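Quick caveat, the model's predicted, so the values are computed rather than measured. In what follows, chains carry the letters A, B, and so on, assigned in the order in which the sequence lines appear, proteins first and then strands, with residues in each chain numbered from 1.
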Protein chains: 2
Amino acid sequence: MAQPEDSTDRHVARWRGHWVLETAPYDDTVEAITTRIGAIMRHLREHKKRAATEAGLQDFEYDTLHALMIRDTPGTSSPTALAADLGISPAGMSGRLEGMEKAGFIQRTTDATDRRRLGVEATPAGIEIWREVMARRGQEEDEMLGVLSAHERETLSTLLKRVTLHIEGERNR
Amino acid sequence: MAQPEDSTDRHVARWRGHWVLETAPYDDTVEAITTRIGAIMRHLREHKKRAATEAGLQDFEYDTLHALMIRDTPGTSSPTALAADLGISPAGMSGRLEGMEKAGFIQRTTDATDRRRLGVEATPAGIEIWREVMARRGQEEDEMLGVLSAHERETLSTLLKRVTLHIEGERNR
DNA sequence: GGTGAATAATTCGCTGGCGAAGTAATATGG
DNA sequence: CCATATTACTTCGCCAGCGAATTATTCACC
């Protein structure tokens, strides 16, 4: 039962001492949750980056392929829609697609009925390398969450869902 | 009891149909957890960015001040240590400090005993504006996690801690 | 105590990404 | 139908950050 400390415990303990917000009282548990979520994300992000690099992709190339593959229409999109999904500017998208087309990961196709529109398609080579990275990420996620029992994972997922429902609901109000 | 769907539910449902990893069986709950953590992080990150901007700081300036303030020695550090905390290169740090010193948020001081070393200190103005952003972030975190009861927050924090202990333990092995 | 290794920060050349302006094509409405 | 607005992407000028090389200082040890 006596859990050892994680870095967040140390952070919060230090924090409580010299930072008390006058306006809102400082809540250890809230701070601990957000800090731990941050730590987990950082871990996953770094692992993703490593997996991508080892598969021969730059981080942003993998991100682009990934955004392309997880759409409702997997492997097909438009530059504008992709940019929106990725949270980058259309200008940045042009640059990425240029390089990735040259590298053979994606292909730009022209739309027959509207010549302003482009299509972006993942090539077989792109899909293959993306799958490679995905497999590694899946393994890492399983490994990471393997410390929890199936039941605990359900609990965790449900609690997180309450939070995401809340923030997604906010946006539509 | 019948919870509505969040975006992750939709993502996972779509996903299950057209993506099954041959090597490791695809686990809905694991995928849901990581996706939701990602959604929460993105929400917090965007809120942080907005709060910083509204307070008159660029995102990276706030990050720098923050890293400086949450050290064991709050408000004081060296460029190298700060760069390591922030995960940026020493070269990038030089640039940031240059701009932030001009803007009056931090100050570089010389070390009396070792003239290679510099000190970085947050100025009163820097601390003030950082606190402003912190207050907003704290409010947002409280608001976001306010959908959970205190008891549920404890549960969530504990489950997350099991995970962070695991990934932190890995690193020291 | 002088020479070579190590350490701290900066400078330099380059890259990815941004916002704004530009180009090209399609939609709209009088 | 023609003029104007809108939409989709690209180009341009700029900025933040990276890795490598540079400068300045201190440490280590024979």
Trainee: Tell me what P79(B) touches on the nucleic acid: a base, only sugar-phosphate, or nothing, going by heavy atoms under 4.0 Å.
Mentor: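 P79(B): backbone/sugar contact only, no base atoms under 4.0 Å.
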Trainee: Does R108(B) CZ have over 12 foreign heavy atoms under 6.0 Å away?
Mentor: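 It does: R108(B) CZ has more than 12 such atoms within range.
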Trainee: Can you tell me the distance, in whole Å, between the CG atom of D59(B) and the C1' atom of dG17(D)?
Mentor: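 After rounding, the gap between these two atoms is 14 Å.
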Trainee: From the set dT26(D), dT10(D), dT26(C), return the single nucleotide nearest to any side-chain atom of R115(A).
Mentor: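 Nearest to the side-chain atoms of R115(A), counting from C-beta on, is dT26(C).
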Trainee: If you measure only the distance, is there a donor-acceptor pair under 3.5 Å linking the side chains of E141(A) and H47(A)?
Mentor: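 Side-chain D/A pair, E141(A) to H47(A): absent.
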Trainee: Consider only side-chain N and O atoms of H166(A) and E143(B), and report whether a donor and an acceptor are under 3.5 Å apart.
Mentor: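 Checked: H166(A)/E143(B) side chains pair up, N/O donor to acceptor below 3.5 Å.
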Trainee: Using atom CD1 of I88(A) as one end and atom P of dC18(C) as the other, report the distance to the nearest whole Å.
Mentor: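 Rounded to whole Å, this separation is 6 Å.
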Trainee: Using a cut-off of strictly less than 4.0 Å between a heavy atom of the residue and any atom of DNA chain C, enumerate the qualifying residues of residues 96-104 of chain A by number.
Mentor: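 Per residue number, the list reads R96(A).
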Trainee: D63(A) has an atom CG; how far is it from atom P of dG17(C), in whole Å?
Mentor: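 These atoms are roughly 9 Å apart.
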Trainee: Touch check for G119(B), heavy atoms < 4.0 angstrom, all strands: base, sugar-phosphate only, or nothing?
Mentor: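 If one applies the 4.0 Å heavy-atom cut-off, G119(B) turns out to touch nothing in the nucleic acid.
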Trainee: Is the phosphate of dT10(C), meaning OP1 or OP2, less than 4.0 Å from a side-chain N or O of R108(B)?
Mentor: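 Yes, within the criterion.
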Trainee: Under 3.5 Å, is there any donor-acceptor pair linking the side chain of R116(B) to the base of dT7(C)?
Mentor: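 Flag set: donor-acceptor pair detected.
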Trainee: Output all residues satisfying salt bridge (charged side-chain N to carboxylate O under 4.0 Å, His left out) with R36(A), sequence neighbours left out; order by chain, then residue number.
Mentor: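 D6(A), D9(A).
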Trainee: Please say which of K48(A), R50(A), R96(A), K49(A) ends up in a salt bridge (charged side-chain N to carboxylate O under 4.0 Å, His left out) with D59(A).
Mentor: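 The option that passes is K48(A).
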Trainee: Which whole-number value in Å describes the distance from E61(B) CD to dC15(D) C1'?
Mentor: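 So the CD-C1' distance, E61(B) to dC15(D), works out to 12 Å.
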Trainee: Could you see if F60(A) belongs to whatever hydrophobic cluster contains L65(A)? Use Ile, Leu, Val, Met, Phe, Trp, Tyr and a side-chain cutoff under 4.5 Å.
Mentor: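 Different clusters: F60(A) never reaches L65(A) through Ile, Leu, Val, Met, Phe, Trp or Tyr contacts under 4.5 Å.
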Trainee: How many whole angstroms separate atom CG of L86(B) from atom P of dG17(D)?
Mentor: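 Result: 9 Å.
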Trainee: Kindly point out which of dC9(D), dA16(D), dG16(C) is positioned nearest to the side chain of T80(A)?
Mentor: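 In terms of side-chain proximity for T80(A), the closest of dC9(D), dA16(D), dG16(C) is dC9(D).
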Trainee: From CZ of R117(A) over to C1' of dT10(D), roughly how many Å is that when rounded to an integer?
Mentor: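 Atom-to-atom, R117(A) to dT10(D), this comes out as 17 Å.
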Trainee: Between W15(B) and H66(A), how do the two ring planes meet: parallel, tilted or perpendicular, split at 30° and 60°?
Mentor: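 Correct class here is perpendicular.
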Trainee: Write down the distance between CD (Q58(A)) and C1' (dG17(D)), rounded to a whole number of angstrom.
Mentor: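 Q58(A) atom CD is separated from dG17(D) atom C1' by 14 Å.
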Trainee: Of L118(B) and A91(A), whose closest DNA chain C nucleotide lies nearer the 5' terminus?
Mentor: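 First, find each residue's nearest nucleotide; the 5'-ward one identifies L118(B).
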Trainee: Between dT7(C) atom C1' and D111(B) atom CG, what is the distance in whole Å?
Mentor: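 These atoms are roughly 13 Å apart.
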Trainee: Hey, which sits more toward the 5' end of DNA chain C by its nearest nucleotide, D114(A) or M93(B)?
Mentor: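 That would be M93(B).
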